[in-house]
Amino acid sequence: MADSKREIERKYEATDATRLPDLGRVAGVGSVAHEGAMELDAVYYDTEDLRLAAGNVTLRRRTGGSDAGWHLKLPVAEGVRDEIRAPLSDHVPARLTALIRSRTLGAPVVPVVRLVSVRDVHVLTGDDGTPLAELSVDEVLAERLNGGDRTAAWTEIEAELADGGDPAFLDTVGRALAEAGIRPSAAHSKLARALAETGRAPEQGGPAEPRTAGDHVLAYVRRQAEAIVALDPAVRRGLPDSVHRMRVATRRLRSALRTHRRVLDREATRPLGTELKWLAGELGIDRDREVLDARLRARLGELPATLVVGPARARLRLRSAAEHEDARRRTTAALDSARHLDLLRALDALLAVPPLLPGAAAAPADELSRAVRKDHKRLAGRVAHALELPPGPDRDAALHSARKAAKRARYAAEAARPALGRPAKKAAKRLKAVQSLLGDHQDGVVARETLRALAVQAHAAGEPSFTWGLVYGREEAAAAATERELPGVWRRAHRARLRRAPGG
């Protein structure tokens with residue numbers, strides 16, 4: 001069984017002559033317990049081309065110390081990683097293999113580095129005995145296991161925050177170390193340093209500064225592709241908001257491929273767009289359920305207790321629990337599928353050899369503003385068509401179509417912001433307002449369909465359906481209010497559209 005913890009740490013350079021300052025004098029420290037030295041023996045695994053290390057992901061099998069076992073570390077932010085642990089075994093545990101699948105793309109992992117460390121540990125506690133941090137001096141011997149047999153040795157200091165501690169305390173420790181002449185390490189991890197000092201290390205540098213329209217589009221596509229890869233393990237772990245963020249990245253990427261067809265060959269990217277649409281649909285099942293449940297719970301919460309007749313809340317909870325489990329299983333199955341793996345490989349291939357067209361060489365301001373204006377024009381047509389229709393199912397469908405166009409236009413403006421600056425930022429903000437309003441309207445359409453189904457189920461079970469009908473009526477009123485608000489919100493967005501430059 002794997003478990004996990006949030007690891008917040010800082011690393012510092014040290015030599016054999018380095019001496020720690022008096023840690024008991026660090027602000028907030030009540031006592032220091034010297035736990036002595038221990039030996040840690042860790043073998044790090046990666047693909048032959050070091051795909052995990054390129055993504056700042058580490059996978060190791062470690063013996064010695066109090067946490068012997070398999071450790072997978074996933075980056076969260078600078079100096080922050082989630083460590084997922086599993087018991088010792090001869091092979092990489094299946095759950096950890098699944099969590100690195102989006103990086104390895106199915107390639108086998110092999111031993112790449114062995115690190116043997118002698119760790120001298122000091123535990124810092126507060127006046128009340130609460131653990132604050134663990135500070136260790138590590139003497140490290142690294143041995144390259146693939147691509148040669150070189151070795152390297154160094155000494156470093158590591159300060160790791162105690163579980164639930166205040167990250168600001170590490171700043172306090174850092175200042176005390178700096179006063180003693182101890183400086184932060186240039187390497188973000190032992191593995192990164194070992195790879196750099198024993199042979200070939202993965203490339204960490206990003207692409208060159210964007211100069212052409214193609215550079216900007218590819219930089220945007222790369223960010224969305226990396227988000228999909230990085231969020232894959234978060235979705236598998238069920239982390240909050242991970243499904244939504246991965247779905248958004250998928251939609252942004254698909255939208256970019258459609259918008260920038262003068263930059264990237266649409267014939268080459270169309271199959272990838274189809275697969276991105278599939279993935280967004282699979283991720284949407286659980287996300288749409290979350291949104292709908294939250295909306296219906298809020299609607300019930302607005303009602304006086306006297307108007308909630310029968311077991312309405314209980315029926316909603318049962319429906320939510322059953323659909324949540326089904327959605328989770330389906331999402332995991334999609335991520336485990338060969339189809340998803342093929343999609344990730346296709347993204348990798350697209351970025352390795354992008355199918356660029358002549359428009360990629362154009363000036364960013366010309367090409368990107370043109371793409372934004374085109375998507376804005378499409379949205380304008382759909383909004384006008386929807387507003388011409390009388391309220392009802394046809395208008396609902398037209399507004400949903402306009403919502404999709406608003407999302408695509410907003411994404412185009414956001415992608416153009418690095419090149420176009422404030423005008424693109426303003427356009428994206430106004431388009432987001434349109435998208436949000438139309439999204440709320442569509443959520444209401446779905447809610448009304450669900451409320452009708454709940455009323456039918458309640459009636460069939462001999463329960464009163466009065467409450468469901470009452471909430472349905474409130475949703476109808478909310479939809480009418482949204483439709484009245486739309487023309488004003490749209491006018492503001494239309495005024496903020498990017499305009500063609502003189503002579504452009």
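Bear in mind that the values here come from a model prediction, so they are computed numbers and not experimental data. Throughout, residue positions are numbered sequentially from 1 according to the sequence presented.
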_Beyond-backbone contact of P75 with V57, side-chain heavy atoms, under 4.5 angstrom_ = yes

*asked:* If I take atom CG from residue D3 and atom CD1 from residue I84, how far apart are they, to the nearest 0.5 angstrom?
replied: 9.5 Å

_With a 4.0 Å cut-off on N to O distance, would you call R81 and E7 a salt bridge?_
yes

*Report yes if some heavy atom in the side chain of S369 is under 4.5 Å from a heavy atom in the side chain of L420; otherwise report no.*
yes

*For R329, check salt bridge (Lys or Arg N to Asp or Glu O under 4.0 Å) against everything at least two apart and list the hits.*
D326

*asked:* Are more than 12 heavy atoms, taken from residues, nucleotides or ligands other than R378, located less than 6.0 Å from that residue's CZ atom?
replied: yes

*asked:* Under a 4.0 Å threshold between the charged nitrogen and the carboxylate oxygen, would K432 count as salt-bridged to E414?
replied: no

*asked:* Please identify which of these residues, D265, V263, T269, meets the side chain to side chain contact (heavy atoms under 4.5 Å, CB included) condition with L257.
replied: T269

_Out of the candidates L59, T58, V112, only one should pair with L52 under the side chain to side chain contact (heavy atoms under 4.5 Å, CB included) rule; please name it._
L59

*Check whether any side-chain heavy atom of L368 sits under 4.5 Å from a side-chain heavy atom of V217, and report yes or no.*
yes

*Assess the side chains of T331 and D286: does a donor N or O sit below 3.5 Å from an acceptor N or O?*
no

*Can you find a side-chain donor-acceptor pair between R410 and Q435 that sits under 3.5 Å?*
yes

*Should R328 and E325 count as an ion pair when the cut-off is N to O under 4.0 Å?*
no

*Just wondering, are more than 12 heavy atoms of other shown residues or ligands nearer than 6.0 Å to CZ in R211?*
no

*Are R245 and S242 linked by a side-chain donor-acceptor pair shorter than 3.5 Å?*
no

*Pairs meeting criterion ring-ring contact (aromatic ring centres under 6.0 Å, His included) with involvement of residues 269-297, two or more places apart*: none

*R10 with E78: basic N within carboxylate O range, under 4.0 Å*: no

_Nearest-0.5 Å distance, OG1 of residue T47 to CG of residue N146_ = 9.0 Å

*Carboxylate-amine/guanidinium contact R448 E476, below 4.0 Å*: no

_Residue pairs fulfilling ring-ring contact (aromatic ring centres under 6.0 Å, His included) with at least one residue in residues 358-405, sequence neighbours excluded_ = H376-W490, H376-H494

*R101 atom CZ, neighbour heavy-atom count above 12 within 6.0 Å*: yes

*Is it true that D138 and K11 have a side-chain N and a carboxylate O under 4.0 angstrom from each other?*
no

*Sidechain N-carboxylate O distance under 4.0 Å for D342, R339*: no

*asked:* Test: ring-ring contact (aromatic ring centres under 6.0 Å, His included). Region: residues 241-260. Which pairs qualify, not counting sequence neighbours?
replied: none

_From CZ (R403) to CG (L379), nearest 0.5 Å_ = 13.0 Å

*How many angstroms lie between CG in L115 and NZ in K190, if you round to the nearest 0.5 Å?*
8.0 Å

_Test: R370 and D366 ion pair at under 4.0 Å_ = no

_D232 and H340 side chains, donor-acceptor separation under 3.5 Å_ = yes

*Could you tell me the separation between the CZ atom of R408 and the CZ atom of R254, rounded to the nearest 0.5 Å?*
9.0 Å

*Cationic N near anionic O, under 4.0 Å, E83 to R60*: yes

*Just jot down the salt bridge (Lys or Arg N to Asp or Glu O under 4.0 Å) partners of D49, sequence neighbours excluded, or say none.*
R51

*Per the side chain to side chain contact (heavy atoms under 4.5 Å, CB included) rule, which among T482, L438, L437 passes with V489?*
L437

*Can you name the salt bridge (Lys or Arg N to Asp or Glu O under 4.0 Å) partners of K5, sequence neighbours left out?*
E160, D163

